[in-house]
Protein chains: 2
Amino acid sequence: MSATKKETGKVPPRQNPMCAVCEVRCSALFGSLKGPALARVQSEIEDVALSANERIYGPGDAGKDVYTVRSGMVRFERHTEGGELRIVRVAGRGDLIGLEALLQRPYNDEALCCGPVKLCRIPCALIDKLADEQGALRRELMLRWQTTLEASEAWVANLATGPARRRMLRLLSRLSELGLPDGTIWLPRREKIGAMLDLTFETASRLVSQMRREGVLDLTTPRLARVNAQALREASAAQDAEGRDSATV
Amino acid sequence: MSATKKETGKVPPRQNPMCAVCEVRCSALFGSLKGPALARVQSEIEDVALSANERIYGPGDAGKDVYTVRSGMVRFERHTEGGELRIVRVAGRGDLIGLEALLQRPYNDEALCCGPVKLCRIPCALIDKLADEQGALRRELMLRWQTTLEASEAWVANLATGPARRRMLRLLSRLSELGLPDGTIWLPRREKIGAMLDLTFETASRLVSQMRREGVLDLTTPRLARVNAQALREASAAQDAEGRDSATV
DNA sequence: CGAGCCGTTGAGGGGATTCAAGCTCAGTGG
DNA sequence: CCACTGAGCTTGAATCCCCTCAACGGCTCG
């Protein structure tokens with residue numbers, strides 16, 4: 001995934017992301033495209049900037065596009081059979097979302113922005129066209145599906161398992177991956193944390209406070225926080241060890 | 001540990017499922033293939049019959065095949081970051097499993113048989129070859145990935161959310177889909193139910209007993225049961241209504 | 001300023017776990 | 001034949017975790 005060929009030089013201006021120099025190119029869908037194909041891509045892709053809680057797409061929308069996340073975090077909400085709201089996954093920088101649309105299927109979830117988000121909107125028609133010429137793109141697409149599937153299964157295993165405290169610690173760990181390298185993360189509203197971990201917002205609040213008292217979390221502005229990676233690792237290890245004890249008796 | 005090196009050449013031409021008349025053909029991967037391609041497929045596919053708890057593949061295995069489930073039920077186990085066992089998904093008749101292998105990736109989970117299972121083992125090399133000639137197959141593959149992803153997200157929303165009783169009711173509902181039309185289902189051991197729903201086996205047992213007393217479930221042989229679809233729907237509706245009440249206050 | 005949203009914290013109750021006992025059933029060997 | 005085991009299942013009692021209900025404080029905005 002390190003650059004295959006970049007620096008094709010000073011690609012002239014367009015209004016769109018200029019994939020050749022895009023900051024997520026190496027991990028992006030069109031990372032493998034060459035010259036002319038890449039040029040055509042650039043005229044059809046549109047980049048969009050959204051702010052917190054804006055809707056990218058939702059169930060029922062006629063899906064004609066997929067999106068690459070250039071920055072920010074996207075959450076996927078859906079309602080359970082019982083009607084409650086549940087967040088089933090989040091996507092971050094480099095992820096490709098809305099894959100259902102490539103199969104002419106309606107979107108399954110509602111995709112919403114956590115904080116400001118930048119996207120590339122990619123028409124499905126463009127991908128269909130390119131895929132016929134560029135075999136590598138097909139493989140890349142399958143890879144995206146697989147990556148998404150892995151994220152979903154990991155969500156089941158790590159964020160939907162065990163006591164609330166453990167789930168919270170794992171969420172912080174996941175948020176750290178999506179956040180800045182200095183540990184700054186986007187911390188959702190308590191109610192959203194609840195929807196991710198299947199908790200009430202009160203319990204989510206108590207856990208956030210607990211993390212704060214323990215020095216794992218440091219709340220800065222309303223929706224931003226800093227994670228102490230070291231303390232998080234220690235707390236997680238302690239929590240996991242405890243679980244192992246009772247399981248190994 | 002089941003056979004990994006097959007296809008040693010002298011495979012008799014006639015031992016395979018005959019896709020053209022296979023009972024799952026319409027929903028199967030090669031449902032769209034025509035004449036000659038189909039004939040070639042039949043000489044390379046091997047059908048396997050496994051019994052309860054046999055391992056189909058596991059993390060670390062060199063993935064060289066994918067499998068179509070012809071009958072029975074397959075569960076996917078993995079360990080959480082804390083080391084506990086968790087079942088993250090199940091597959092049934094018509095499902096294609098082990099898709100990671102198509103991307104030369106190691107399998108993510110351990111795939112195990114619930115009860116007797118019949119599979120078609122399909123070499124990845126065969127799919128790669130066919131995909132170059134038959135465009136429809138590529139689309140079919142993507143559809144499989146998407147279907148699997150949807151199943152995984154539904155698992156999060158329905159089997160990992162809410163009180164234990166609701167999760168159990170939803171599990172029964174899901175097992176019914178995979179079972180016979182007369183309501184006969186394969187009911188896992190209590191410990192496995194726990195691994196699916198994130199419960200202790202005692203709680204799983206209590207819930208099974210409860211379902212039985214309510215007439216939702218009727219245990220026959222050790223691992224088989226019959227579901228009263230009507231009673232299950234009613235119990236689910238009641239459970240969901242209750243949830244909605246407290247949520248809507 | 002009051003209204004409303006978000007977050008925090010406390011008190012009490014309920015649901016799931018934990019610990020523990022006892023049951024059935026298959027297999028084994030006396 | 002029957003005692004003896006061990007695995008799986010069931011059930012009870014006590015504990016603990018999380019939910020529910022409730023009050024309150026900070027903040028923005030009309």
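Since we're looking at a predicted model, the values are computed, not measured. Side chains are part of it too, since the values below use all heavy atoms of this structure and drop only hydrogens, waters and symmetry mates.
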Colleague: Please work out which of the three classes, parallel, tilted or perpendicular, describes the rings of B/Y107 and B/Y57, given edges at 30° and 60°.
Modeller: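 B/Y57 and B/Y107: parallel rings.
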Colleague: Which of the following nucleotides, D/dT11, C/dT9, C/dT8, is nearest to the side chain of B/S209?
Modeller: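 Closest nucleotide to the B/S209 side chain: D/dT11.
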Colleague: Using OP1 and OP2 only, check whether a side-chain N or O of A/T203 sits under 4.0 Å from D/dC18.
Modeller: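 So the side chain of A/T203 is outside the cut-off, no N or O lying under 4.0 Å from OP1 or OP2 of D/dC18.
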Colleague: State which of D/dT11, D/dC19, C/dT17 makes the closest approach to the side chain of A/L199.
Modeller: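 Ranking D/dT11, D/dC19, C/dT17 by closest atom to the A/L199 side chain puts D/dC19 first.
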Colleague: With nearest nucleotides of DNA chain D determined for A/F201 and A/R165 from heavy-atom distances, which residue corresponds to the more 5′ nucleotide?
Modeller: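 The residue whose closest nucleotide sits nearer the 5' end is A/R165.
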Colleague: Can you measure B/E191 atom CD to C/dT17 atom P for me and round it to whole angstrom units?
Modeller: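 Interatomic distance, CD of B/E191 to P of C/dT17: 14 Å.
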Colleague: Kindly indicate, with the supporting measurements, whether the criterion salt bridge (Lys or Arg N to Asp or Glu O under 4.0 Å) is fulfilled by A/R166 and B/E84.
Modeller: CA-CA 12 Å; A/R166 170 179 317 197; B/E84 298 140 349; 3.1 Å; yes
Colleague: Just N and O in the side chain of B/R223: are any of them under 4.0 Å from OP1 or OP2 of D/dC9?
Modeller: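 Result: yes.
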Colleague: Determine whether a donor-acceptor pair (one donor, one acceptor, N or O, separation below 3.5 Å) exists between the side chain of A/R206 and the base of C/dG10.
Modeller: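 Indeed there is one.
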Colleague: Side chain of A/E202 only, please: which of D/dT20, D/dT10, C/dT17 is the nearest?
Modeller: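 The closest nucleotide is D/dT20.
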Colleague: From CG of B/L197 over to C1' of C/dG15, roughly how many Å is that when rounded to an integer?
Modeller: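 Answer to the nearest Å: 15 Å.
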Colleague: Please state how far atom CG in B/L207 lies from atom P in C/dG15, giving the value in whole angstrom units.
Modeller: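 Answer to the nearest Å: 12 Å.
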Colleague: Would you mind telling me which of D/dT10, D/dC19, C/dT8 lies closest to the side-chain atoms of A/S205?
Modeller: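 Between D/dT10, D/dC19, C/dT8, the one nearest the side chain of A/S205 would be C/dT8.
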Colleague: Over how many whole Å does the gap from B/L219 atom CG to C/dT24 atom P extend?
Modeller: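 B/L219 atom CG is separated from C/dT24 atom P by 16 Å.
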Colleague: Rounding to a whole Å, what distance do you find between A/R166:CZ and D/dC16:P?
Modeller: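 It works out to 18 Å between those atoms.
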Colleague: For B/R78 and B/P59, indicate whether the former's side chain and the latter's backbone hold a donor-acceptor pair under 3.5 Å.
Modeller: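 No, the answer is negative, given that no donor and acceptor are paired below the 3.5 Å cut-off.
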Colleague: What are the two closest non-hydrogen atoms of B/P188 and B/I193, and how far apart are they?
Modeller: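 Distance-wise, the nearest heavy atoms are O-CD1, 3.6 Å.
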Colleague: Whole Å only: how far is the CE atom of A/M168 from the C1' atom of D/dC17?
Modeller: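 Taking CE of A/M168 and C1' of D/dC17, I get 15 Å after rounding.
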Colleague: Pair B/L159, B/R89 - check side-chain contact (heavy atoms from CB on, under 4.5 Å), show working.
Modeller: CA-CA 10 Å; B/L159 297 185; B/R89 199 161 43 88; over 6 Å; no
Colleague: Side chain of A/P163 only, heavy atoms from C-beta on: which candidate in D/dC18, D/dT20, C/dT8 is closest?
Modeller: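 When the side chain of A/P163 is considered, D/dC18 is the closest of D/dC18, D/dT20, C/dT8.
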Colleague: From CG of B/D198 over to C1' of C/dA16, roughly how many Å is that when rounded to an integer?
Modeller: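 The distance from CG of B/D198 to C1' of C/dA16 comes to 11 Å, rounded to the nearest Å.
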Colleague: Measure from CD on A/Q210 to C1' on C/dG10 and round the result to the nearest Å.
Modeller: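 Rounded to whole Å, this separation is 16 Å.
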Colleague: By nearest atom, which of the nucleotides C/dC6, D/dG12, D/dC9 is closest to the B/R190 side chain?
Modeller: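 Closest nucleotide to the B/R190 side chain: D/dC9.
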